[in-house]
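Keep in mind the model is a prediction, meaning the values are calculated, not measured.
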Amino acid sequence: MDSRCSSSADSRLTGRGVGSMNTTPICARVESYEAGEKKCISDVRRTFCLFVTFDLLFITLLWIIELNVNGGIQQQLNKEVLHYDYHASFFDIFLLAVFRFAALILAYAVCKLRHWWAIAITTAVSCAFLIAKVILSKLLSQGAFGYLLPIISFVLAWIETWLLDFKVLPQEAEDENRYQSIMDATERAPLMGPGPLSDGQFYSPPESVADSDEELDDKHDPEKGLIQQVT
């Protein structure tokens with residue numbers, strides 16, 4: 001009876017172990033995705049926001065260098081900011097970088113949009129303003145920075161568009177589709193292992209013929225059984 005109980009318990013534990021082994025990889029994938037969702041922002045979106053910040057800082061650095069080269073920061077700030085002239089000032093290119101930074105961080109870091117319309121607006125405004133600035137202003141006659149600032153601002157705006165449209169949004173859509181497929185698989189997979197086996201499925205081996213014959217002889221010949229017990 002004890003052997004039956006132990007074998008039955010072992011079979012139940014084995015069945016449960018098989019079921020848990022089958023569901024463990026799927027559960028691990030779901031937990032890893034949920035852990036990623038607990039983050040404030042995805043890794044690829046964080047990279048995009050860092051590049052937007054780099055855009056603002058790089059344009060600011062170039063503008064400060066331009067102010068310092070052309071006669072001192074304080075004097076040039078007074079000339080380009082307080083006495084702003086569209087045809088000769090670089091201050092509006094700096095403000096354009098601030099506009100891109102504020103709009104993109106608000107849209108894709110704070111609001112976490114999953115659409116390209118915000119970056120489309122910032123890129124279109126940047127391109128239109130820079131093209132008009134180069135055509136109508138006199139920046140090209142002001143040395144290297146007259147070429148450098150508009151070109152770099154134009155290129156950075158399009159790199160931001162490429163990052164969002166070809167990296168951020170497709171990667172997040174792929175992660176979401178993978179998570180949905182894993183959830184569908186967990187719903188189809190059995191949550192429990194095979195049921196426990198009943199005690200009726202276990203049986204003891206039949207007694208040997210030799211043992212049964214000896215027991216019958218002992219019953220028919222009590223003296224022989226008594227002699228065996230004495231010896």
Minimal non-hydrogen separation, Asn78 against His83, with atom names: O-ND1, 3.0 Å
Side-chain donor/acceptor of Gln142 to backbone N/O of Ala88, under 3.5 Å: yes
Asn68 side-chain N/O to Ile64 backbone N/O, donor-acceptor pair under 3.5 Å: no
Interatomic distance, Thr53 atom OG1 to Ile105 atom CD1 [nearest 0.5 angstrom]: 4.5 Å
Residues Asp175 and Gln171: side-chain donor-acceptor under 3.5 angstrom: yes
Mutual orientation of the aromatic rings belonging to Phe58 and Phe54 [parallel < 30°, tilted 30-60°, perpendicular > 60°]: parallel
Minimal non-hydrogen separation, Leu56 against Thr60, with atom names: O-OG1, 2.7 Å
Check: Tyr108 ring centre within less than 6.0 Å of Phe48 ring centre: yes
Non-hydrogen side-chain atoms of Phe154 and Ser126 separated by less than 4.5 Å: no
Spacing of Glu66 atom CD and Leu148 atom CG [to the nearest 0.5 Å]: 10.5 Å
Interatomic spacing from CZ in Arg100 to CD1 in Ile119 - rounded to 0.5 Å: 9.5 Å
Single-linkage hydrophobic cluster, 4.5 Å side-chain cutoff, Trp116 and Ile41 together: no
Shortest non-hydrogen contact from Ile93 toward Ile59: O-CG2, 4.1 Å
Heavy-atom closest pair, residues Gly71 and Gln75: O-OE1, 3.1 Å
ILVMFWY network linking Leu57 to Val52, side-chain heavy atoms under 4.5 angstrom: no
Minimum-distance pair of heavy atoms, taken over all atoms of Gln76 and Leu67: CG-O, 3.2 Å
Residue pair Leu156 / Phe51, side-chain heavy-atom distance below 4.5 Å: yes
Asp165 side, atom CG; Glu160 side, atom CD - distance, nearest 0.5 Å: 13.5 Å
same_hphob_cluster(Leu136, Tyr84) at 4.5 Å side-chain heavy-atom cutoff: yes
Geometric class of the Phe91/Trp63 ring pair [parallel <30°, tilted 30-60°, perpendicular >60°]: tilted
Pairs where residues 76-94 contributes a residue and the test salt bridge (charged side-chain N to carboxylate O under 4.0 Å, His left out) is met, not counting sequence neighbours: Asp92-Lys133
Side-chain donor or acceptor of Ser153 paired with backbone N/O of Pro150 under 3.5 Å: no
Hphob cluster co-occupancy, Leu106 + Leu50, side-chain heavy atoms under 4.5 angstrom: no
Within-4.5 Å side-chain heavy-atom neighbours: Phe101 and Asp55: no
Cluster overlap Phe99 with Leu61, hydrophobic side-chain contacts below 4.5 Å: yes
Candidate pair Lys112 and Glu172, rule salt bridge (Lys or Arg N to Asp or Glu O under 4.0 Å), full reasoning: CA-CA 11 Å; Lys112 298 180 182 179; Glu172 291 182 347; over 6 Å; no
Shortest non-hydrogen separation from Tyr147 to Gly143 and the atoms involved: CD1-O, 3.4 Å
Separation between CZ of Phe90 and CG of Leu62, rounded to the nearest 0.5 Å: 10.5 Å
Nearest-0.5 Å distance, CG of residue Leu164 to NE2 of residue His115: 10.5 Å
